[in-house]
Amino acid sequence: MITRRTFAIGAGAATAATLFDARLGIGELAHARSSLPIPALIDAASQGNVVKLRVSAGRHEFYKGKPTLTYGYSAPVLGPVLRLQRGARVQMIVENALDRPTTVHWHGLLVPGECDGGPQQLIDPGAIWRPTLAIDQRPATLWYHPHPHHDTARQTYMGLAGLIIVDDGSAPRLGLPHDYGVDDLPIIIQDRSFGADGSLEYDAGELGIVYGARGDTIIVNGAIAPVARVPAGWVRLRLLNGANAQNFELRFRDQREFHVIASDGGYLSQPVAVSQLRISPAERFEVLVDFSDKKPVVLETGPDKVMGIFGAIALSGTDDYAPVMRFEPVASRGAVRHLPRQLPEPEAVNPAAAVQRRQFVLDNGICGSRMSMSGHADMPALIGINGRVHDPARIDVETRLGTTEIWEIVSVGMPHPFHVHGALFRVLSLNDAPPPAHLAGWKDVVLVEDKAELLVNFTRPATREHPFMYHCHILEHEDAGMMGQYSCS
Ligand code: C2O
Ligand code: CU
Ligand code: CU
């Protein structure tokens, strides 16, 4: 049986064998492929802006005939896509039917600290949480997931994640595909390791904590190597990297160009053509792909290059690309025929107006010197930010509502995907260079390989009792304490 522990430490042969099976499942063989599961859509406005979510354990067949114990939101695994209208006030009713506390964090949603769902807002087993969310931000693809300190990684791994679409009704006018489940598809990509009986066993082990837990099997919307039938025209994919730690290097097998139209915080000023796209944990990109040639094509991912040897073993131990899913275009009448040239321009920003400059050093404790100082070869000295481990009783930073600050993020040990709650930022520089065009819009998470300068825009309040978090979105790092908190008033 391949548990995460044996995988993380042993790597090698067993992993490659499992991967081989998973690969056979996709494009090469015509049988035994599952269709891309499309999560239920909850259009909040159509139900009086009241949305119920029930967090519970369930059973889901990743492998036929081998039901796996999972967690989900009103579903065995993952959760419904919540479509929320800009300007609405949405009453959420979240029931925790798990046997342990959880929280539900609205990742990327701009709401005050008291309804953000951070680690302070635990929902006990059997309890119900009722935050009212005032939706006021540009259209974007966001998501929701658990955030209980020390248990975020495991709960997410068990299946707790769902998408949020903030909508303002502008998609038809912009000429963008917007028919949910038809030409506007949620694509939640994750990696998992399964036991021989199909079980998901979360045991990060020491290496998994230091480097983040990685799996050898890629799942999309909870299915292994699924197939999506899409209209033979332009299709919009709302990509979420829902992995605990893995970066995906996405491309189409025929290396066709596709276009990034939005990042975490909403639209870019115009579509950005790419033929490969790195997506880091918690990041979202909306992309448009042209399937009008009617040719089936596999979406695949390359080795996690920024992870060096650890990236290679996570997928196959080789430099190969592994299939993620397959698209099969079918002739259809309503297909979108054109790529829009212009999108709503993100607001201009002025770095000179920043009122503060702060530095955050993200460290997973794998520098040689620290390692030997700890006295153990296998346990890091410290996983934290600026030399400190997360302390729920400590407010690390106080910010002023309505101001901007420049946050300089430095990664030590390995690249860390840095995320801020309750605020959006613009990337001013990445490793001392201007960001590539697809990273130049509003974001809430960015992979920092070396260092980054972010212009953070504080537009929502957070008290000291209900502060906002900032952290590495490698969930094992976050749980180990690579997290801080800030107030905003
Ligand atoms: Cu995706 Cu602190 O969150
Ligand atoms: Cu968040
Ligand atoms: Cu990290």
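Atoms within each ligand, like the ligands themselves, are counted from 1 in listed order.
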* His147 versus Gln121, side-chain donor and acceptor atoms under 3.5 Å -> no
* Angular separation of His477 ND1 and Cys472 SG about the Cu ion (ligand 3), given to 10° -> 130°
* Salt-bridge test for Glu283 and Arg278: reply yes if a basic N is under 4.0 Å from a carboxylate O, no otherwise. => no
* Asked: Under 2.8 Å from atom 2 (Cu) of ligand 1, is there an N/O/S atom belonging to His471?
  -> yes
* Please check if the distance between the ring centroids of His419 and Trp143 is under 6.0 Å. => no
* N/O/S atom name from His416 that is nearest to the position of the Cu ion (ligand 3) -> ND1
* Quick one: do Glu405 and Arg400 make a salt bridge, cutoff under 4.0 Å? -> no
* Asked: Thinking salt bridges, do Lys52 and Glu95 make one under a 4.0 Å N-O criterion?
  -> no
* **Contact check: His105 to atom 2 (Cu) of ligand 1, N/O/S below 2.8 Å** => no
* To do: Give, rounded to 10 degrees, the angle between NE2 (His105) and NE2 (His419) as seen from the Cu ion (ligand 2).
  => 170°
* To do: Could you tell me whether any N, O or S atom belonging to His147 is less than 2.8 Å from atom 2 (Cu) of ligand 1?
  => yes
